[in-house]
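Single-structure report; data block below.
When a residue number appears, it is its place in the shown sequence, counting from 1.
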Amino acid sequence: MTNNLTILFDPDTYLWLTIAILAILTLTVAWWLRRSRRLPALLCLAFLLFGWYMVIYGAFVEFTRLEVRHVEYASEDLPDAFDGYRIVQFSDAHLGTYNGWRQPILRRAIDSINAQKADLIVFTGDLQNKEPDEIKPNIPLLKQLKAHDGVCSVMGNHDYPNYVDLDEIHKVANLCETMNTEEDMGWRLLNNTWRRIRRGEESIVIAGMENDGEKRFPQLGDITSALSGLNRKTFVVMLEHDPTSWRRKILPHSHCQLTLSGHTHGGQFNFFGLSPAMFTYRELGGMYYAGNRALNVSTGLGGVVPIRLGTTPEIVVITLKKK
């Protein structure tokens with residue numbers, strides 16, 4: 001499937017390790033500064049103070065915030081009956097990060113999603129960090145998600161058993177448990193398939209591909225299966241966790257008008273519009289267009305490492321409009 005990328009620690013361990021390393025470095029530089037007041041020591045101290053700001057503010061302030069981003073997508077192909085149709089997208093929940101003292105943050109996000117009174121809720125992958133046991137404490141919360149047309153979802157790279165050191169039999173069992181848990185919550189998991197939503201005699205299609213990433217990420221997206229039996233006049237919203245698939249597969253091999261993705265977390269750090277993830281992802285967060293077709297990349301809710309700076313966790317409200 002892909003190379004194994006075992007996650008060694010839980011999210012809080014990563015956080016406290018970062019704080020411990022910063023503390024050791026700060027004490028070292030303070031000792032250096034006491035012995036020598038040269039410019040390099042002062043610069044190192046300034047750099048470390050900025051590091052403390054990033055960790056404290058990023059972990060305990062910005063990571064706990066939530067933005068509701070509103071966007072519109074207009075298309076001539078949209079049936080008249082769906083003019084004004086509202087979709088709430090949330091992505092990259094990484095529920096293992098929200099267990100324990102952070103669970104109220106997740107509860108607020110669920111309440112915010114429901115407050116939008118959407119026609120449809122979609123989840124674009126990475127429900128867990130590494131294993132399905134992380135989902136269980138949050139099942140009662142996730143079952144509270146309500147929309148007229150329910151909840152549709154797709155798998156993200158973390159939803160596959162690539163981040164645990166298990167034999168193949170137990171990896172398959174973990175994968176099945178994750179998939180079954182989503183179905184048991186009443187979500188419609190779209191693994192290279194689609195569902196039709198009707199309003200009277202008109203309809204649109206919500207399609208979903210399995211994770212289709214690059215390099216070390218699972219490459220399981222099958223666009224032919226995901227759109228099997230549909231004609232090119234159908235208005236299609238495609239769910240695909242990894243946005244790199246939009247240019248590789250979705251644009252050249254389909255007519256899908258709107259694609260919804262996540263995965264990038266907006267890089268989790270963004271300074272004046274600059275992020276380390278810019279060197280990896282062409283579409284990092286927000287709406288992107290290729291002619292009349294569009295991709296929305298959500299920066300998501302969480303992450304394995306619970307720190308964000310300049311990329312506030314978000315849910316996205318997408319309103320479809322007849323052009």
- Message: Under the side-chain contact (heavy atoms from CB on, under 4.5 Å) test against Ile21, which residue among Leu25, Ile19, Thr18 passes?
- Response: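 Running side-chain contact (heavy atoms from CB on, under 4.5 Å) over Leu25, Ile19, Thr18 with Ile21 returns exactly one hit, Leu25.
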
For the residue pair [X] and [Y], what are the closest heavy atoms and their distance?
X: Thr244; Y: Asp242; result: OG1-OD1, 2.6 Å
X: Ala207; Y: Ala226; result: CB-O, 3.9 Å
X: Ile121; Y: Ala147; result: CG1-CB, 3.7 Å
X: Met238; Y: Cys256; result: CE-SG, 3.8 Å
X: Tyr281; Y: Thr264; result: CG-CG2, 3.9 Å
X: Trp246; Y: Pro252; result: O-CD, 4.1 Å

Name the atoms and distances for all side-chain donor-acceptor pairs under 3.5 Å in residues 108-116, with sequence neighbours left out.
from	atom 1	to	atom 2	distance (Å)
Arg108	NH1	Thr64	O	2.8
Arg108	NH2	Thr64	O	2.3
Arg108	NH2	Arg65	O	3.3
Ser112	OG	Arg108	O	2.9
Asn114	OD1	Lys146	N	2.9
Asn114	ND2	Gln144	O	2.9
Gln116	NE2	Ser112	O	2.9

When you group the ILVMFWY residues by side-chain heavy-atom contacts below 4.5 Å and let the links chain together, are [Y] and [X] in the same group?
X: Tyr85; Y: Leu78; answer: yes
X: Leu260; Y: Leu145; answer: no
X: Phe271; Y: Val61; answer: yes
X: Phe269; Y: Leu15; answer: yes
X: Ile250; Y: Leu239; answer: no

Sequence neighbours excluded, every pair satisfying ring pair (Phe, Tyr, Trp, His ring centres under 6.0 Å) that has a member inside [range]:
range: residues 103-144; value: Phe90-Phe123, Phe123-Trp187
range: residues 297-323; value: none
range: residues 304-323; value: none

Any side-chain heavy-atom pair of [X] and [Y] under 4.5 Å:
X: Val297; Y: Leu284; result: no
X: His265; Y: Asp92; result: yes
X: Asp77; Y: His255; result: no
X: Asp119; Y: Phe82; result: no
X: His158; Y: Thr178; result: no
X: His170; Y: Val164; result: no
X: Val88; Y: Arg86; result: no
X: Val236; Y: Ser254; result: no

First locate atom [atom1] of [X], then atom [atom2] of [Y], and finally report the distance between them rounded to the nearest 0.5 Å.
X: Leu166; Y: Ile169; atom1: CG; atom2: CD1; value: 11.5 Å
X: Asp133; Y: Glu177; atom1: CG; atom2: CD; value: 6.0 Å
X: Leu22; Y: Leu49; atom1: CG; atom2: CG; value: 10.0 Å
X: Leu95; Y: Gln103; atom1: CG; atom2: CD; value: 9.5 Å

- Electrostatic pair Asp149:Arg188 at N-O distance under 4.0 angstrom: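 No salt bridge links Asp149 with Arg188.
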
- Less than 4.0 Å between a side-chain N and a carboxylate O, is that true for Glu214 and Arg248? yes

Check the surroundings of atom [atom1] in [X]: do more than 12 heavy atoms from other residues, nucleotides or ligands lie under 6.0 Å from it?
X: Tyr289; atom1: OH; answer: yes
X: Arg282; atom1: CZ; answer: no
X: Arg198; atom1: CZ; answer: no

Taking only residues two or more places apart in sequence, or in another chain, which ones meet [X] in a side-chain contact (heavy atoms from CB on, under 4.5 Å)?
X: Pro11; value: Thr97, Asn129, Pro306
X: Ala81; value: Arg199, Glu202
X: Asn99; value: Glu134, Pro137, Asn138
X: Ile56; value: Trp52, Phe60

Kindly say whether [Y] contributes a backbone atom to a donor-acceptor pair with the side chain of [X] at under 3.5 angstrom?
X: Thr234; Y: Asn231; answer: yes
X: Lys249; Y: Ile223; answer: no
X: Gln128; Y: Gly96; answer: no
X: Gln89; Y: Ser261; answer: yes
X: Asn192; Y: Leu220; answer: yes

Checking [Y] against [X]: is there a side-chain donor and acceptor pair closer than 3.5 Å?
X: Glu76; Y: Asn292; result: no
X: Glu240; Y: Thr259; result: no
X: Asp184; Y: Thr181; result: no
X: Tyr160; Y: Glu210; result: yes

- Apply the test side-chain hydrogen bond (donor to acceptor under 3.5 Å, both in side chains) to residues Ser153 and Glu182: give CA-CA distance (whole Å), side-chain angles for both, the deciding distance (0.1 Å), then the verdict. CA-CA 8 Å; Ser153 64; Glu182 293 197 29; 2.6 Å; yes

What pairs with [X] under side chain to side chain donor-acceptor pair (under 3.5 Å), at least two apart in sequence or on another chain?
X: Thr224; answer: none
X: Ser298; answer: Glu314
X: Asp126; answer: His94, His241
X: Ser245; answer: Asp212

- Query: Should the ring pair Phe217 and His263 be called parallel, tilted or perpendicular, given that the plane angle runs from 0 to 90° and is split at 30 and 60?
  - Reply: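 Perpendicular: the ring planes of Phe217 and His263 meet at over 60°.
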
- Item | For Arg69, the option from Asn296, Thr312, Thr299 that meets side-chain hydrogen bond (donor to acceptor under 3.5 Å, both in side chains) |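 The single option meeting the side-chain hydrogen bond (donor to acceptor under 3.5 Å, both in side chains) with Arg69 is Asn296.
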
